[in-house]
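Down below is the structure, laid out as C-alpha cells.
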Protein chains: 2
Amino acid sequence: MAVTISDVAHAAGVSKGAVSYALNGQPGVSDATRGRILQVAKELGWKPSLRAKGLSSAKAYALGLVVARDPKLLGTDPFFPAFIAGIETTLAEHDYTLVLSVATAPGAEERAYRKLADGGRVDGVILTDVRHNDSRIGLLRELKLPAVTLNRPDSDSPFPAVSMDDTDGITAAVEHLLALGHVRIGHVGGAQEYIHGRSRRQAWESAMAAAGMAADLFAEADFTAPGGVAATADLLRRPDRPTAIVYANDLMATSGQSFAQSQGLSVPGDLSITGYDNAEFTQYLNPPLTTIATDPMRWGRVAAQALLDQLNGTHSGQDTDLQAPSLLVRASTGPAPSTTTKHATKQAKEHTNP
Amino acid sequence: MAVTISDVAHAAGVSKGAVSYALNGQPGVSDATRGRILQVAKELGWKPSLRAKGLSSAKAYALGLVVARDPKLLGTDPFFPAFIAGIETTLAEHDYTLVLSVATAPGAEERAYRKLADGGRVDGVILTDVRHNDSRIGLLRELKLPAVTLNRPDSDSPFPAVSMDDTDGITAAVEHLLALGHVRIGHVGGAQEYIHGRSRRQAWESAMAAAGMAADLFAEADFTAPGGVAATADLLRRPDRPTAIVYANDLMATSGQSFAQSQGLSVPGDLSITGYDNAEFTQYLNPPLTTIATDPMRWGRVAAQALLDQLNGTHSGQDTDLQAPSLLVRASTGPAPSTTTKHATKQAKEHTNP
DNA sequence: AGAGTCTACTGAACCGGTTCAGTGGCGTGA
DNA sequence: TCACGCCACTGAACCGGTTCAGTAGACTCT
C-alpha cells in the first residue's frame, strides 16, 4: 500500500490523471505514454487502492450474501458451499469480492442486510432461500440495494430472478416410483414458508394428480434431520402408510431412512426413499440414496453474473432459467412391496431381505 | 448514501470535524453539542460511508477467509459453515464484515490472498487448513497482511495461533477401542500435507505405542469420501486386517463404513469405526457413527476475536488454546470380534448379527 | 489586570483515486 | 500563412470521511 498513483505519476513524469487514464484503458493518452506508464506502474508494483477507487467511483466492488440458517443445518447442506464457489468463479474474473454474512439469531437477518447496505459495503446482494411473501424484498427496495433472487418470489419483486426449476426433478421422482408400482407415495416437505418448500410439494401433488392418485400423505418438516424423523414417523403411523416417500431434501431423506430402518423397515424393500440435492454423503448411505442432482455451483456462477450485469446496466431484465436438475436413481428406491409384506412393520426385526 | 457528514454538519450548524468527533465519542465537543449533533444525524438518517472512512483511516473494516477446497468436499464438510458462523458472531459486534474467497483451481489460492491484500480489501485474514511447511505464511508476510492461524504451523510463523488440540480426541477414540478389546486398530489418515492430518496420525501412533501395540495399520487418504473408500479397502486387504479403524474425519469414516458393509462386514460386529467432526448426518447413519465432537463455531468466534485484537494492537501475542473436543460414543463401535469371527469376511454375506 | 490554561470548536489538509475543464502544440485545409 | 480542430495531457475539484493546527472565549491564578 506504499506506492500510490502519485508515485507512479511522478516516476513516469506525468500527472495523476494520465496514470488513471492509462490504467483504465481510457482515451486521453497516447499509446507510447500509456505503455510507459503501465511499465513504470509494474516496476513500482503499484496496486490501485480499492478504497480510494471505491470512494470516488461510489462502488464497493463487492457483492453480498446473507445466509439465514442455523449453522447446524448449514453444516450439512451441500448447497451453500458449492453455490458460493460458483459465485467466486464469476467474481474472480471481475475484480469483485464476496461479503458473506451468516445470520442465525432472529432479527439478525434484517440487521445483516442493513449493515451491508448502510456503509455501502456491497453493491448488490443475492437473495437465497426466498420465502412466501418475502419481507426482504421490501427491505432491499427500501435500502435501494440491487439484487438478484434465486427463483422468482411469489410476491411482487422488481429484481431479476435466476431460477432452477425443481418441479421436473420431483415429478421425475414420483414417476419413477409410480413405474416401480408404488401407489401410496408420501411427501416430507420442507418448511412451506420457503417457496422451494412449496414448489416441491406442489410438484409432488401435481404428479400424483396426473397419475390419478391422492396426494394425502404429506407431512411438513423444516429441512432439518430431526424434522425429517418426526415427519417420517408421522407418515409411517398413518393407517395406510406410504410405501415410498419423496423428501424435499437429502438431509431429511437421510434421517427419515435411518428412522424407518430403526423401526425395522427395509429400504427399499418396505419403503422407497428419494432425496433432493445429491449431497455427496448420500451415495455412501446404506442403501445409497436416490436423489435429484442439482447444480448449485452453476447457479452461483449465473446468479453472480446476473447481478454484475445489473450493476453494469447490461442486464436484460429478463429472468434466467437454468436447466432443471434430474433424477439420480440409486438403491434406496425399489419395487413396491407386494401386499403380503404390507404389514411387515411388526416382524421386521427378523426380516432381512425381501 | 445521500446524506453525508457535511449535510449533518450544516444542519447542526457545526463543522464537519465536530460531527466526526461527536460520532466517534472523541473529546473536542461539549456534551450538549454532541447530543445535538447525534440527534440531527439520527433525524437525517445519516450512515457514515464505510468507503470514506476506510480511505482516511486506512482500514478496510473487513476480515478475509480463503477456503481452498474442492467445492464437492466443502459441501459435505460441516466445519466451514459453522466456523464461519462463529466468525460472524464476533464480527457482528464490531462493525467488520467477512470477505470470503473460495479457491478451487491450483494457483487460485495465492491469487486470492493477493487479491485481498492488494487493493486493501481486508485488514487481516484467518488461515485455516494449515499445511506442512505452509507457503502461505511467507506469502502473508510478504503481503504484510496480519493473520491468525488455526493451530500452530510446523514452520516458523509470526502469527498468533488459535488452537484446538486433536490429540485428546483421537487418543480417547483409541483408548475406547482398546477398552473394547481391539488390538488391531487401524488409522485412515487425512492428507499428511495438512498438519491436522499429521497430528491425528501421530496421536493414533502414540496411543497405540502407549498401549504397547504396533501402529502399522495406516493408510493415507485425502479427507474425501472416495479416498476413505480406497484407504479402507487397502486396510481390509491386509493379511491381519484391523478390527477397528480410526478415521481422521467423518466423511472418510462414512464412506469407509459403507464400503465395509458392502463387503459384507458388519459394523461394529466385524469392524468398529470412529470418525472426527461430528457432522450432523453421522448420527443418522446405520449404525450411527462414534465420532469426536468438535466445536468449529467457537473456534471461529475466538479466531476472529484474536485477529481483531491483533489489529487493535491489544493482542497478547500468546497463542490461544481452546478446549479439546471429546469422544462421542455411538453405535459404530463395539467389542472386538472373537477370534472365531476373525475370517468373517468371506462368509459375511450370510452373516447378520454376531 | 495581565498572563496563562483549558475547553470547544473551526478550517484546511489529507487519504488515493476519478473526472472534467482548460491548455499548448501540432497537423490540416483554404 | 492563418484559422481551426484535434490530440495529449495537466491541474484542480471532488468523493466523504479523519485529524491536526489554530483560535476565540471563558476561567483561573497571582
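Since the structure is predicted, the reported quantities are computational estimates derived from the model, not experimental observations.
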Atom pair distance, as rounded to whole Å: CG in L55(A) and C1' in dT18(D) = 12 Å
inquiry  = Once hydrogens and angles are ignored, does a donor-acceptor distance under 3.5 Å link the base of dC20(D) to the side chain of Y21(B)?
reply    = yes
key: Strand contacts (DNA chain C) in residues 56-64 of chain A, 4.0 angstrom heavy-atom criterion   = S56(A)
Whole angstrom value for the distance that separates C1' of dC15(C) from CG of L50(A) = 15 Å
remark   = Contacts satisfying salt bridge (Lys or Arg N to Asp or Glu O under 4.0 Å) that involve residues 96-111 of chain B (not counting sequence neighbours) are E109(B)-R131(B), E109(B)-R136(B), E110(B)-R114(B)
request  = Give a yes/no on whether any side-chain N or O of S20(B) is located under 4.0 angstrom from OP1 or OP2 of dT18(D).
outcome  = yes
query = Distance-only, no hydrogens or angles: does the S56(B) side chain make a donor-acceptor pair with backbone N or O of A52(B) under 3.5 Å?
reply = yes
request  = Starting from C1' on dG11(D), measure out to NE2 on H10(A) and report it in whole angstrom.
outcome  = 16 Å
task = Pick base, sugar-phosphate or nothing for V14(B), based on heavy-atom distances below 4.0 Å to the nucleic acid.
result = sugar-phosphate
inquiry  = Does Q323(A) have more than 12 heavy atoms from other residues, nucleotides or ligands lying within 6.0 Å of its CD?
reply    = no
note = Per atom distances to the K53(A) side chain, the nearest of dT18(C), dG16(D), dT18(D) is dT18(C)
request  = Among residues two or more places apart or on two chains, list those pairs meeting side-chain hydrogen bond (donor to acceptor under 3.5 Å, both in side chains) that have a residue in residues 87-96 of chain B.
outcome  = Y96(B)-D123(B)
key: Distance, rounded to the nearest Å, where I37(B) contributes CD1 and dG17(D) contributes P   = 14 Å
task = Indicate yes or no: at least one non-hydrogen side-chain atom of L322(B) is less than 4.5 angstrom from one of S163(B).
result = no
message = Counting C-beta onward and ignoring hydrogens, is there a side-chain heavy-atom pair between V40(B) and I37(B) closer than 4.5 Å?
response = no
Nearest-nucleotide pick for S49(A), side chain only, options being dG11(C), dT18(D), dG16(C) = dG16(C)
request  = Using atom CG of D118(A) as one end and atom C1' of dG16(D) as the other, report the distance to the nearest whole Å.
outcome  = 15 Å
Distance below 4.0 Å between W46(B) side-chain N/O and dG17(D) OP1 or OP2 = yes
query = Would you find a donor on one side and an acceptor on the other, under 3.5 Å apart, between the side chain of D134(A) and the backbone of V130(A)?
reply = no
note = Separation of dC14(D) atom C1' from K16(A) atom NZ, nearest Å, is 10 Å
task = Could you check which residues of residues 23-36 of chain A get a heavy atom under 4.0 Å from DNA chain D? Sort them by number, please.
result = G28(A), V29(A), S30(A), T33(A)
ask   = How would you list, by chain and number, every residue that makes a side-chain hydrogen bond (donor to acceptor under 3.5 Å, both in side chains) with E193(A), sequence neighbours excluded?
value = none
message = As a test of understanding, state which of L140(A), L145(A), I126(A), L307(A) forms a side chain to side chain contact (heavy atoms under 4.5 Å, CB included) with F159(A).
response = L140(A)
task = For the helix from dA1(C)-dT30(D) to dA30(C)-dT1(D), measure the angle between the helix axis at one end and the axis at the other, each built from five pairs, rounding to 10°.
result = 50°
message = Test ring-ring contact (aromatic ring centres under 6.0 Å, His included) on H196(B) and F223(B); report intermediate values, then the result.
response = CA-CA 11 Å; H196(B) 60 290; F223(B) 288 120; 5.0 Å; yes
Heavy-atom side-chain contact between F80(B) and D129(B) under 4.5 Å = yes
ask   = Which value, rounded to the nearest 0.5 Å, describes the distance between L55(B) atom CG and S49(A) atom OG?
value = 6.0 Å
key: Between dC14(C) (C1') and I5(A) (CD1): distance, integer Å   = 16 Å
